[in-house]
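One structure is given below, encoded as structure tokens.
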Amino acid sequence: MHRRRRTALTVSAALIAAAPLLAACGTDAHPGTAAVVGGQRIEVSTVQAKVRDVREAQQAAPQSAQLIKDSGQLGRAKLYDLIVDRVVAKAAQDAGVSVSRKEIQDGRDELVEQSGGEEQLAAMYLQQRGVAPDQVENAVRRDILVGEIATAIGAENSPQGQQQLNAAFTTAAKSLDIDVNPRYGAWDDTKLELGTYKAPWITQVSQEAQPVEAGA
């Protein structure tokens, strides 16, 4: 379980580390749409709601001013996160894996224990990954799902394994025909990036069984 969790967290960080910057692409035919992924829209209002949740949590936290300052591109980071959710879901479908409610709960319980409690876990995700408390469960779910994908395709927790896993995500991303509103940036299937922006709260990719430091 611990070995799989380390793999999940490491590769999840690698995916999330590349967040958005302005570039050119076109969803002008879909007013109010931030992106179209696999023929399904991600609405601007959905992105804004995610941002609002994070900002409210940041404002209520100690060192709120610093948290807000360090996440100035939060709207783009949240869109990236929503896109990655769908890329990971497609890669999981391709690999024939899924995650049960029990696995998610067990994974979250383990992280709660490691961090010293629910409040500490929520604070860690908010500070290190720009994730609001009500978004933590989805982040945990995706981390575990990435680990399941890695196991299914035989990707070890190594640079070679990372390349193998990224190749699976690239294949999934290409099949989804991702199109992003120029307001948010241009998606790169090969680099799994939305522009070249890197969220300020990212410091390193953790190799340990703990929440990764990435801008989810």
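Note that the CG atom of D109 and the CD atom of E118 stand 8.0 Å from one another [nearest 0.5 Å]. For the atom pair CZ of R41 and OG1 of T46, the computed distance is 11.5 Å after rounding to the nearest 0.5 Å. Summarising the geometry, atom OG belonging to S45 is positioned 9.0 Å from atom CZ belonging to R52; distances are rounded to the nearest 0.5 Å. Atom-to-atom distance recorded for N138:CG and D81:CG is 7.0 Å, nearest 0.5 angstrom. For the atom pair CG of D106 and CZ of R101, the computed distance is 11.0 Å after rounding to the nearest 0.5 Å. Summarising the geometry, atom CG belonging to D85 is positioned 4.5 Å from atom CZ belonging to R142; distances are rounded to the nearest 0.5 Å.
Both I153 and I144 are members of a single hydrophobic cluster when ILVMFWY side chains are connected at heavy-atom separations under 4.5 Å. Linking ILVMFWY side-chain heavy atoms closer than 4.5 Å, directly or via other members, places I68 and V131 in two distinct hydrophobic clusters. Cluster annotation: V88 and V99 are assigned to the same hydrophobic cluster (Ile/Leu/Val/Met/Phe/Trp/Tyr, side-chain heavy-atom contacts under 4.5 Å, transitive).
Around CD of Q63, the count of heavy atoms belonging to other residues, nucleotides or ligands within 6.0 Å does not exceed 12. More than 12 heavy atoms of other residues, nucleotides or ligands lie within 6.0 Å of CD in Q59, so this atom counts as buried by the packing criterion.
Put simply, the side chain of T33 does not reach to within 4.5 Å of the side chain of D179, judged on heavy atoms. No side-chain heavy atom of L111 sits less than 4.5 Å from a side-chain heavy atom of M124. Using a 4.5 Å heavy-atom cutoff, the side chains of W187 and V37 are not in contact.
Across all their heavy atoms, G130 and L74 have their closest contact at O-CD1, 4.4 Å. Here the shortest heavy-atom pairing between L126 and A61 reads CD2-CB, 4.1 Å. Looking at every heavy atom in both residues, V47 comes nearest to G75 through CG1-O, 3.4 Å. Of all heavy-atom pairs spanning A173 and L192, the tightest one is CB-CD2, 4.2 Å. Smallest separation of non-hydrogen atoms from I178 and V87: CD1-CG2, 3.8 Å. Between V180 and I83, the shortest heavy-atom contact is CG2-CD1, 3.9 Å.
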*Report the C-alpha distance between K69 and Q58 in whole Å, list the side-chain angles of each, state the deciding distance to 0.1 Å, and finish with yes or no for side-chain contact (heavy atoms from CB on, under 4.5 Å).*
CA-CA 10 Å; K69 179 182 177 182; Q58 288 175 332; over 6 Å; no

*asked:* Checking I149 against F169 for the side-chain contact (heavy atoms from CB on, under 4.5 Å) test, could you report, in this order, the C-alpha distance in whole Å, the side-chain angles of both residues, the deciding distance, and whether it holds?
replied: CA-CA 10 Å; I149 297 167; F169 289 130; 4.0 Å; yes

*Could you check R86 against I42 for side-chain contact (heavy atoms from CB on, under 4.5 Å), going step by step and ending with a plain yes or no?*
CA-CA 10 Å; R86 299 189 184 189; I42 297 175; 3.5 Å; yes

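Annotation: side chain to side chain contact (heavy atoms under 4.5 Å, CB included) contacts of Q93 (sequence neighbours excluded): K90. Checked against side chain to side chain contact (heavy atoms under 4.5 Å, CB included), K50 has the following partners two or more places apart in sequence or in another chain: K78, L82, Q135.
Listed for the T171 side chain is a donor-acceptor partner under 3.5 Å among the backbone atoms of A167.
Residues Q114 and E110 bring a donor and an acceptor atom of their side chains to less than 3.5 Å of each other.
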